[in-house]
Number of protein chains: 2
Amino acid sequence: MKSSSINLPAEKIIKREKFDESAFRQMIRTMNLKVTDQRLLIFEALHSGRAHVTAQEVFEKVHAVDGAVGFATVYRFLRSLTEYGFVTEVRMGGMSARYELTPKRHHDHLTCMSCGKICEFENHEIESLQERVAAQFGFELTSHVLELYGHCRDCTKAKLKKS
Amino acid sequence: MKSSSINLPAEKIIKREKFDESAFRQMIRTMNLKVTDQRLLIFEALHSGRAHVTAQEVFEKVHAVDGAVGFATVYRFLRSLTEYGFVTEVRMGGMSARYELTPKRHHDHLTCMSCGKICEFENHEIESLQERVAAQFGFELTSHVLELYGHCRDCTKAKLKKS
DNA sequence: AATTTATTTGATAATGATTCTCATTTATAA
DNA sequence: TTATAAATGAGAATCATTATCAAATAAATT
């Protein structure tokens with residue numbers, strides 16, 4: 001899909017906790033799945049580098065380590081992880097899904113349409129207003145998607161300079 | 001895509017203004033496009049029936065009137081309309097895009113995951129909190145997606161009765 | 001350690017949504 | 001009425017994702 005959407009360029013690598021293999025093994029067992037090298041590699045790929053990756057990107061990282069791993073395995077496992085909530089799926093427009101290890105704290109995203117930078121934020125006021133809206137309509141809320149799009153300071157400046 | 005997502009069933013038909021062909025002709029000219037029967041049919045399809053339709057659904061409605069109209073024409077025109085903002089694209093998870101004639105007032109959606117009902121709402125407090133968040137990160141906001149998911153009163157009741 | 005068995009895997013085909021191609025048709029400006 | 005750039009429709013192409021299935025393997029059991 002070439003489409004109207006932006007193509008995300010590099011994103012800053014975020015500082016992250018040390019890779020804890022045994023924790024991942026535990027998660028896999030929690031899902032009633034078997035611990036395999038492929039699955040550990042997928043976890044490793046999710047854990048290092050940029051926070052929001054496509055299945056394709058995960059595949060490429062895993063493939064670089066073990067060229068025998070196939071697409072299907074990556075997609076399959078990402079799906080399981082998403083179903084169990086260990087991984088969160090983020091979608092922007094019609095682009096391919098991006099995945100991240102579910103963060104401890106819930107957060108939403110603010111994306112720069114120029115450079116692709118993604119900022120994470122949490123805002124309790126917004127959350128509770130959402131609950132209120134749902135209640136007004138008699139809904140029980142199960143989840144939500146809040147994605148903000150705009151231009152970051154650097155890109156706004158850069159654009160001004162050009163014109 | 002069978003996937004994890006729900007398949008939207010029927011949605012209440014919303015009361016809408018009278019179909020105004022000349023207004024649509026005007027919009028087409030504004031886009032620097034030519035007025036064709038196909039395009040008027042597509043407008044007609046968007047204007048009547050449920051508010052949020054897929055390209056496929058639009059195609060079927062148009063096709064029922066004129067069996068000669070093709071997919072491509074529908075997709076192409078929906079894209080133009082979306083680019084010019086006359087139509088708004090709504091996406092839920094990995095499902096196919098749904099389109100609606102851009103409403104006069106901006107609004108967001110609250111969707112029932114059981115029956116597919118879509119409620120529209122607007123909440124200025126949420127909007128301005130979004131602006132505040134963006135400002136905190138030095139972003140200029142251009143757009144946002146806020147989709148709430150849950151279960152409507154009827155479906156919640158129905159589920160309770162079953163168990 | 002060897003055996004068993006249900007899972008998992010990878011290659012590849014299939015799918016579904018959407019876009020592209022291109023020869024033909026058509027709206028509209030002149 | 002004509003000229004011509006734009007629009008159309010049929011079908012191929014693409015892209016992300018999922019399904020299929022025979023071969024490989026984790027882990028429970030002997």
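Remember, predicted model here, so these are calculated numbers, not experimental data. All heavy atoms count here, side chains included; hydrogens, waters and symmetry mates do not. Just so it is clear: chains get the letters A, B, ... in the order the sequence lines come, proteins before strands, and each one is counted from 1.
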_Spacing between B:Arg39 atom CZ and D:dT8 atom C1', to the nearest angstrom_ = 9 Å

*Start with the C-alpha gap between B:Arg98 and B:Glu57, add the side-chain angles, then the distance that decides, and say whether salt bridge (Lys or Arg N to Asp or Glu O under 4.0 Å) holds.*
CA-CA 9 Å; B:Arg98 286 179 177 272; B:Glu57 286 163 1; 3.5 Å; yes

_Sequence neighbours excluded, every pair satisfying salt bridge (charged side-chain N to carboxylate O under 4.0 Å, His left out) that has a member inside residues 127-136 of chain B_ = A:Glu125-B:Arg132

*To the nearest Å, how far apart are A:Phe59 CZ and C:dT9 P?*
14 Å

*Indicate yes or no for a side-chain donor-acceptor contact from A:Lys61 to the backbone of A:Ser48 under 3.5 Å, with no hydrogens or angles considered.*
yes

*Specify the residue among A:Thr73 and B:Ala97 whose closest nucleotide of DNA chain C lies further upstream toward the 5′ end.*
A:Thr73

Pairs under 3.5 Å (N/O, protein and nucleotides 20-22 of chain D):
none

_OP1 or OP2 of D:dG9 versus the side-chain N and O atoms of B:Gln38: is any pair under 4.0 Å?_
yes

_For atom OH of B:Tyr75 and atom C1' of D:dA12, their distance in whole Å_ = 15 Å

_Taking the side chain as everything from C-beta on, heavy atoms only, tell me whether A:Ser96 gets closer than 4.5 Å to A:Arg91._
no

*Terminal axes of the helix from C:dA1-D:dT30 to C:dA30-D:dT1 (five pairs each): angle between them, nearest 10 degrees*: 30°

*Just jot down the salt bridge (Lys or Arg N to Asp or Glu O under 4.0 Å) partners of A:Glu122, sequence neighbours excluded, or say none.*
A:Arg105

*What residues form a side-chain contact (heavy atoms from CB on, under 4.5 Å) with B:Glu21, not counting sequence neighbours?*
B:Phe19, B:Arg25, B:Leu40

*Rounded to the nearest Å, what distance is computed from the CG atom of residue A:Leu78 to the C1' atom of nucleotide C:dT9?*
15 Å

*Near-ring test B:His106/B:His144, centroid separation under 6.0 angstrom*: yes

*asked:* Going by the rule side-chain contact (heavy atoms from CB on, under 4.5 Å), which residues pair with A:Gln38 if we only count those two or more places apart in sequence or in a different chain?
replied: A:Thr36, A:Val69, A:Thr73

*How close or far is atom P of D:dT25 from atom CG of A:Asp37, stated in whole angstroms?*
10 Å

_Distance, rounded to the nearest Å, where B:Arg91 contributes CZ and C:dT18 contributes C1'_ = 9 Å

*Listed by chain and number, what are the side-chain contact (heavy atoms from CB on, under 4.5 Å) partners of A:Gln56, not counting sequence neighbours?*
A:Thr54, A:Phe59, A:Glu60, A:Phe71

*asked:* Can you pull out every ring pair (Phe, Tyr, Trp, His ring centres under 6.0 Å) where at least one residue sits in residues 77-103 of chain A? Sequence neighbours excluded, please.
replied: A:Phe43-A:Phe77

*Give a yes or no on whether the backbone of B:Gly67 and the side-chain of B:His63 come within a donor-acceptor separation of less than 3.5 Å.*
yes

*Measure the distance from CG on A:Leu81 to P on D:dT17 and round it to the nearest whole Å.*
15 Å

_For A:Thr88, side-chain hydrogen bond (donor to acceptor under 3.5 Å, both in side chains) partners two or more places apart_ = A:Thr102

*Once you round it to whole Å, what is the distance between P of D:dA6 and CG of B:Asn32?*
10 Å

*asked:* Going by the rule side-chain hydrogen bond (donor to acceptor under 3.5 Å, both in side chains), which residues pair with A:Ser22 if we only count those two or more places apart in sequence or in a different chain?
replied: A:Asp20

Collect all protein-nucleotide pairs involving nucleotides 27-30 of chain D in which both atoms are nitrogen or oxygen and the distance is under 3.5 Å.
from, atom 1, to, atom 2, distance (Å)
D:dA27, OP1, A:Val35, N, 3.1

_Less than 4.0 angstrom from a charged side-chain N to a carboxylate O is my criterion; do A:Glu140 and B:Arg153 meet it?_
no

_Please list, in numerical order, the residues of residues 61-69 of chain A that have a heavy atom closer than 4.0 Å to any atom of DNA chain C._
A:Ala68, A:Val69

